[in-house]
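Input: a single structure, listed below in structure tokens.
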2 protein chains.
Amino acid sequence: MVETQLYVLHASICQTLANPKRLEIIDRLRKSEMSVMQLTEAMQISQANLSQHLAVMRQKGIVKTRREGLNVYYQLGNPKIVQACDLMREVLLEHLETGAELVRGKQEKESIP
Amino acid sequence: MVETQLYVLHASICQTLANPKRLEIIDRLRKSEMSVMQLTEAMQISQANLSQHLAVMRQKGIVKTRREGLNVYYQLGNPKIVQACDLMREVLLEHLETGAELVRGKQEKESIP
DNA sequence: TTACAATATTCGCAAATTCTAATATCGCGA
DNA sequence: TCGCGATATTAGAATTTGCGAATATTGTAA
């Protein structure tokens, strides 16, 4: 089944977005491109770790790069990424509204009727 | 930082979508609601495992349930989920077009310039 | 060519995920 | 109440992921 392969690839895209630091990177890059150094300074994260996250996103086409001397500038690879992230954030916020527990550590499970 | 917490929650939504089986479930539910039994028969997966996946998605508000006698019917909890999935699939397909390696196991890394 | 700054990669380990097997719960009819 | 079908939960092993530490690469200027 070719469908199965698509789900696997699709899941790997989601997996790439499934990290708070990477989401913050995306959020910062939506305003403008940034160099690795700029990102390192803006975020609380080591340069090596940042570079790892960027590599993961690069391989999935989520960000793309432009070199300028010693610096490498990262930008979003596809505007649809931002749209998808915004949609997911809306889903999150709507879910928080109808059951405002999650915000402060209460992990009350959603019950079945 | 309240932002950080949001990124963590957002990442957990993405994590929930980061599984091929769960994406297939979402894809099946977009057409119509289905009972656990119907899903079990339609997908190649054990009932226990399916139930686990459904529980994960339930807790994140991605699916919701309706009971009818012994059967529990699942449906999507928010139409925006489908939109987000479609967008991510477009990103995936566009990325595959510009570098058609991934499809057949060649994991050539995206290089920096 | 050498040195240095910016960035990337590799390695090893703790923590998180996923799956199967086994068990539990829930609703209904006899 | 008892038994059964549908669904849910738990436990444990195997795999994957995230991160720090160390090291490598790349581009530039002296």
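Computed from heavy atoms alone, side chains included, the values below leave out hydrogens, waters and symmetry copies. We name chains A, B, ... by the order of the sequence lines, and we start the count at 1 in each one.
Shown here are the side chain to side chain donor-acceptor pair (under 3.5 Å) partners of B:Y73, two or more places apart in sequence or in another chain: there are none. Residues passing the side-chain contact (heavy atoms from CB on, under 4.5 Å) test with A:S46 are A:A48, A:N49, sequence neighbours excluded. Applying the side-chain contact (heavy atoms from CB on, under 4.5 Å) criterion to A:E41, with sequence neighbours excluded, gives A:M37. Checked against side-chain contact (heavy atoms from CB on, under 4.5 Å), A:V56 has the following partners two or more places apart in sequence or in another chain: A:T16, A:R22. With sequence neighbours left out, the side chain to side chain donor-acceptor pair (under 3.5 Å) criterion links A:K21 to no other residue. Every residue meeting the salt bridge (charged side-chain N to carboxylate O under 4.0 Å, His left out) condition with B:R28, not counting sequence neighbours, appears here in chain and number order: B:E24. Not counting sequence neighbours, the partners of A:S51 by the side-chain contact (heavy atoms from CB on, under 4.5 Å) test are A:Q47.
The NE2 atom of B:H53 sits 15 Å away from the C1' atom of D:dT9 (whole-angstrom rounding). Computed from coordinates, the B:R66 CZ to D:dT7 C1' distance equals 15 Å when rounded to whole Å. Summarising the geometry, the separation between CG on B:N71 and P on C:dG27 is reported as 13 Å, rounded to the nearest angstrom. Across the protein-nucleic acid pair, A:L54 atom CG and C:dA8 atom C1' stand 10 Å apart, rounded to whole Å. What separates OH of B:Y73 from P of D:dA8 is a distance of 13 Å, to the nearest Å.
Of the residues in residues 34-51 of chain A, those placing a heavy atom less than 4.0 Å from an atom of DNA chain C are A:S35, A:V36, A:M37, A:Q47, A:A48, A:S51, in numerical order. Near-neighbour residues of DNA chain C inside residues 18-29 of chain A, defined by a heavy atom below 4.0 Å, are absent.
Listed pair B:Y74 / D:dA8 meets the phosphate criterion, a side-chain N or O lying under 4.0 Å from OP1 or OP2. One finds a side-chain N or O of B:R58 lying less than 4.0 angstrom from the OP1 or OP2 phosphate oxygen of D:dT9.
Residues A:L70 and A:V56 both approach DNA chain D. Their nearest nucleotides, taken by heavy-atom distance, put A:V56 toward the 5′ side.
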Show the distances under 3.5 angstrom between N or O atoms of the protein and N or O atoms of nucleotides 13-15 of chain D.
none

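In the hydrophobic clustering, where aliphatic and aromatic side chains (Ile, Leu, Val, Met, Phe, Trp, Tyr) are joined below 4.5 Å either directly or transitively, A:L87 groups with B:L87.
In the interface, the side chain of A:Q52 is paired with the base of C:dT10 through a donor and an acceptor atom under 3.5 Å apart.
B:N19 and A:Y7 are not linked by any side-chain donor-acceptor pair at a separation below 3.5 angstrom, with hydrogens and angles left out of the test.
Counting only residues at least two apart or on different chains, no salt bridge (Lys or Arg N to Asp or Glu O under 4.0 Å) pair has a member in residues 5-20 of chain B.
Taking 4.0 Å as the cut-off between side-chain N and carboxylate O, A:R89 and A:D86 do not count as a salt-bridged pair.
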